[in-house]
Amino acid sequence: MKSRLVVVGNGMVAGRALEHLLATAPETYQVTVFNAEPRVNYDRIMLSPVLSGEKTYDDIIIHDDNWYADRGIKLHKGQKIVAIDKAFKTVTSAEGIIAAYDKLLIATGSSPIVIPVPGHDLPGVLTYRDLDDVEAMFTSAAKGGSAVVIGGGLLGLEAAAGLRARGMAVTVLHLMPTLMERQLDTAAGFLLQREFESRGIKVLTQADTKAILGTTHVEAVELKDGSLLPANIAVMAVGIRPNVTLAREAGLTVNRGIVVDDGMATSDPDILSIGECVEHRGICYGLVAPLYEMARVVAARLSGNRQADYAGSVTATKLKVTGIDLFSSGDFSEGDDREEILLRDAAGGIYKRLIIKNDQIIGTVLYGDTRDGTWFLDLLKRGTDISGMRDTLIFGQQYAGGSPLDPMAAVAALPDDSEICGCNGVCKGTILLAIATQNLASLGDVRSHTKASASCGSCSGLVEQILTLSLGDAYKPAAVQPICGCTDLGHDDVRRLIAVKHIKTIPAIMQELEWKTSSGCAKCRPALNFYLLAAWPGQYQDDSQSRFINERVHANIQRDGTYSVVPRMWGGMTNARELRAIADTVDKFSVPAVKVTGGQRIDLLGIRKEDLPAVWADLNAAGLVSGHAYGKALRTVKTCVGTDWCRFGTQDSTGLGIRIEKFMWGSWTPAKVKMAVSGCPRNCAEATCKDVGVICVDSGYDIHFAGAAGLDIRGTEILCHVDTEDDALEMIVALVQLYREQGRYLERIYKWAKRTGIQTIKDQIVEDAEKRRMLFDRFVHSQSFAQSDPWAERVAGNEAHEFHPMADFVFGKAAQ
Amino acid sequence: MNAQPATALRAEWIDIGQLDDIPRQGARTVKTPGGDIAIFRTMDDQIFALWDRCPHKGGPLSQGIVHGHAITCPLHNWVISLENGEAQGHDSGCVHRFRVKIEAGRVLLDGAACSANAA
């Protein structure tokens, strides 16, 4: 007589186990299957293509009714098992059907987690788990309108793409800063977000759902920051929870999932369990590959093979959205004991990262080209020593073990009609011909004669290789000093590419420009932050974690870790009220040192970081604001007393200095900018060693620039003479804006002028009135976002975490 | 400000706050009788705890720029590995590390660190 096998649950994993079992031991069991869903076995993984309309329900059926009938399996559809009696070895369904078993297989799977926010039970709040959910989405999508998907993981993104394909306006809310952060690193998460956005799906990261609003049906989703997103449906896709109620009530051992051993047996040896409902060696799995592996093991055990063991799985993730290729597996965090091999091809939208430890692959992230995912996963699982094929590993299996790719050979192998410059449609043959017939010898020559690499510049490397190919050693590429070890690009290339490619975030720069490190370094990040700030005023969100500490906390760090505070004194002028406030602050906070600076203001030294907001609050109360003494920014405009007091004064130098300072404060520049206005050629304000200086004369104003009195000593150059204060202001503002647009990070004005040429700068500022006016206007636009006192913002509570310890055990207390 | 019961000082792990209290690629400090401890959060959401003193001139490492699993000291740009506390490149020196872990979004610091008097 056959043994009786009862299967609870009829998902993919149970179906797979039955297939294996019937293949190896077709005569051993009389099988009965209970399925809570009123359907046969279908491929849940393929719900996304059904939602997007690429497949129908019939396409994804794995086992139809005939399959069960042909094999003598009794299938109860729509029958939910509600109790297990271990002693009598029976199960009971909700409708009272009782079935006896010799072996019981629990495959109850998992349920989607519903966040218990207010409104979570409104009609129109859906999950994304089974065909009922998909059908509910179809119905809503047919009416159009908008959908909010809560959760930017695998399921949420698949749901979002499907709903968008069905014509709904879709917003994805994700709690973390990057999408799929558990499976992807930040760079790949960024690519993914960009791809979704390009499909018209709005992605909001760090979005915390507060409530779902509506009276009889979902109308909107409210976030904790107060914003409201109108929604006809809200899809919860934040994760799954193993279905363990039945097992727990039967008295089986249950943690997060039903606990099973390596043979998939529960705490009762006649009850086995597989799938998303189990916990094996402390891990619950939610991806199909390990679950199928469990199905294989349980079938072998049921057919009498006691050796079959499940040893846990290394999982790999693939996103099933048409047109997006994404693969990740293993451990891809950074570490000193591991190395990474990185390949970024911005034009092709490809990102590949292999994490290597002890000559073995331990993690893989692939985006754009996932063909070798399986191969990498195989190497990872086998722990294969990759040292022999390391040089070509990232290029994939087809290059494995071959000789390292010679980039020159690759270019040489290209046919003449292959396109090198996509922007201008220039082929390899055209470039070769131009080099040969017109005696071109440099990248610049090729650019001006053929336009190859003259637009976005991303093919510059290829063009240089073609030059080397035709000229051999005669070609000497111009040495460009890279920004830092994270890139081969120099400052100017990066600035140009930011503008041409409309790059607007630091991770985007690193991706598009193929950075060699995953998150840059202390050298490039502050530079990139400034370049973005200068290129996209009002659009770019300043990244404080990419700023040097002084600019992050708006004070100067001192050698003992305390800070100095320098309030602005416009044009070096002050009054009793300000001085009294400073004196009071010194007393109140026991400021250990007070110093008059070279820039005509007062420095309070030795202030503890925790005291900074309180110090600023007191100074703010007297009208004193940040002097930006810590910034790559406008520092001081030093003045003399001019016609107000001085018997030699020719103009109101103090007034002009104050006017310039009030106009220009708050603007970020490549390096610090110090100015001065002297009221006569005796030059008491020492204007001729400043970045920008004005010498007032009887007939008007001589404007100087490019002086230095630091590491180098340099007298200024004369920019021009103007007749009025208004003209002086326009000249100075245009000059500083040109410097903001062309200067390299940390390059002072005198170095910028030396590099680009004094005359070139004069041509653009003095000779070209239209260009001057445009520069002036751009500066004014940028200032409209910049002139907000950073001290007052922090007194009001911004960036509060900067100024408090996380916890304090000195006085036995913890702080927030 | 939460009161921290005195008995907590003897616990093996001490809850010092939420992971999200620390900005990504940033740091916060914990004051202890032995000196400040810097708690770093990297881009990939790992955390590390080191004495808040650069081996070079004692600069507060918590005030530096976090990149990869390293920190650049704000005073003289030494780069210190968060994983082993060693100075990178041609510089040599080492910073004492403390055990720290994340559990359910909370940051737990080795209890001994919070009451230690010196490293």
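All values reported here derive from a predicted model rather than from experimental measurement. Each chain gets a letter, A, B and so on, in the order the sequences are listed, and its residues count up from 1.
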S.K.: Is there a side chain to side chain contact (heavy atoms under 4.5 Å, CB included) between A:Met176 and B:Arg24? Walk through the geometry before answering.
M.R.: CA-CA 11 Å; A:Met176 300 303 291; B:Arg24 268 194 175 168; 4.1 Å; yes

S.K.: Side chain, backbone, both or neither: which part of A:Glu610 has a non-hydrogen atom closer than 4.5 Å to chain B?
M.R.: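 Just its side chain gets close to chain B.
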
S.K.: Does any non-hydrogen side-chain atom of A:Gln206 lie less than 4.5 Å from one of B:Asp20?
M.R.: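 In short, these two side chains do not touch, never coming nearer than 4.5 Å.
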
S.K.: If I take atom CD1 from residue B:Ile37 and atom CZ from residue A:Phe809, how far apart are they, to the nearest 0.5 angstrom?
M.R.: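 Reported to 0.5 Å precision, the distance equals 8.5 Å.
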
S.K.: When you measure from the side chain of A:Arg559 to the backbone N and O of B:Lys57, does any donor-acceptor pair fall under 3.5 Å?
M.R.: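 No; zero donor-acceptor contacts below 3.5 Å.
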
S.K.: Quick one: what part of B:Gln25 sits under 4.5 Å from any heavy atom of chain A, side chain, backbone, both or neither?
M.R.: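 For B:Gln25, backbone and side chain are both near chain A.
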
S.K.: In Å and rounded to the nearest 0.5 Å, what is the CD1 to OG distance from A:Ile549 to B:Ser62?
M.R.: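 The CD1 atom of A:Ile549 sits 7.5 Å away from the OG atom of B:Ser62.
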
S.K.: Quick check: do A:Thr186 and B:Asp44 have side-chain heavy atoms less than 4.5 Å from each other?
M.R.: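 Not in contact.
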
S.K.: If we define contacts as heavy-atom pairs under 4.5 Å, which of B:Gly68, B:Gly59, B:Ala27 has the most with chain A?
M.R.: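 Highest number of heavy-atom pairs under 4.5 Å: B:Gly68.
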
S.K.: On a heavy-atom basis, which atom in B:His67 and which in A:Ala522 lie closest, and how many Å separate them?
M.R.: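 Closest approach of B:His67 to A:Ala522, heavy atoms only: CD2-N, 3.7 Å.
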
S.K.: Side chain from CB out, backbone as N, CA, C, O: work out which of these in A:Phe803 comes under 4.5 Å of a heavy atom of chain B, or both, or neither.
M.R.: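 Neither the backbone nor the side chain of A:Phe803 comes within 4.5 Å of chain B.
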
S.K.: Report yes if some heavy atom in the side chain of A:Ser519 is under 4.5 Å from a heavy atom in the side chain of B:Val66; otherwise report no.
M.R.: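 Side chain of A:Ser519 against side chain of B:Val66, heavy atoms only: no contact under 4.5 Å found.
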
S.K.: Name the option with the most non-hydrogen atom pairs under 4.5 Å to chain B; the candidates are A:Ser546, A:Pro177, A:Gly520.
M.R.: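 It is A:Pro177.
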
S.K.: Could you go through A:Arg525 and B:Ile65, starting from their C-alpha distance and side-chain angles, then the distance that decides it, and tell me whether this counts as side chain to side chain contact (heavy atoms under 4.5 Å, CB included)?
M.R.: CA-CA 9 Å; A:Arg525 286 231 307 276; B:Ile65 290 180; 3.5 Å; yes

S.K.: Any chance you could measure A:Lys523, atom NZ, to B:Asn77, atom CG, to the nearest 0.5 Å?
M.R.: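 Nearest 0.5 Å value for the NZ-CG distance: 9.0 Å.
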
S.K.: Give a yes or no on this: more than 12 heavy atoms of other residues, nucleotides or ligands lie within 6.0 Å of atom NZ of A:Lys210.
M.R.: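 Not buried by this count: 12 neighbours or fewer within 6.0 Å.
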
S.K.: Thinking salt bridges, do A:Arg338 and B:Glu83 make one under a 4.0 Å N-O criterion?
M.R.: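 No, no charged N to carboxylate O under 4.0 Å.
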
S.K.: Of all heavy-atom pairs between A:Lys609 and B:Gln63, which one has the smallest distance, and what is that distance?
M.R.: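 Nearest pair, atom of A:Lys609 first, then B:Gln63: NZ-OE1, 2.6 Å.
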
S.K.: Please check if atom CZ in A:Arg794 has more than 12 non-hydrogen atoms from other residues, nucleotides or ligands closer than 6.0 Å.
M.R.: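 Counting neighbours around CZ of A:Arg794, more than 12 heavy atoms of other residues, nucleotides or ligands fall under 6.0 Å, so yes.
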
S.K.: Run B:Val107 and A:Met806 through side chain to side chain contact (heavy atoms under 4.5 Å, CB included) and show every step you take.
M.R.: CA-CA 10 Å; B:Val107 179; A:Met806 193 171 181; 4.1 Å; yes

S.K.: Can you sort out the partners of A:Cys284 under side chain to side chain contact (heavy atoms under 4.5 Å, CB included), two or more places apart, ordered by chain and number?
M.R.: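 So A:Cys284 forms a side chain to side chain contact (heavy atoms under 4.5 Å, CB included) with A:Pro242, A:Arg256, A:Glu279.
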
S.K.: B:Pro23, B:Gly26, B:Gly58: which one forms the most heavy-atom pairs within less than 4.5 Å of chain A?
M.R.: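 Of the options given, most contacts go to B:Pro23.
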
S.K.: From B:Cys73 SG over to A:Ile557 CD1, what is the distance, rounded to the nearest 0.5 angstrom?
M.R.: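 Between B:Cys73 SG and A:Ile557 CD1, I get 7.5 Å after rounding to 0.5 Å.
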
S.K.: For a quick test of reading the model, state the closest non-hydrogen atom pair linking B:Gly64 to A:Arg552 and the distance between them.
M.R.: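 Scanning both residues completely, I find the closest heavy atoms to be O-NH2, 3.2 Å.
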
S.K.: So B:Ile22 and A:His801, do their side chains get closer than 4.5 Å, heavy atoms only?
M.R.: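 Heavy-atom side-chain distance check fails, nothing below 4.5 Å.
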
S.K.: Testing the basics here: between B:Pro60 and A:Gly561, what is the closest heavy-atom pair and its distance to 0.1 Å?
M.R.: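 Where B:Pro60 meets A:Gly561 most closely, the heavy atoms are CG-CA, 4.0 Å.
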
S.K.: Once side chain to side chain contact (heavy atoms under 4.5 Å, CB included) is applied, do any residues pair with A:Asn358, and if so which ones, sequence neighbours excluded?
M.R.: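 With sequence neighbours excluded, A:Asn358 shows a side chain to side chain contact (heavy atoms under 4.5 Å, CB included) to no residue whatsoever.
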
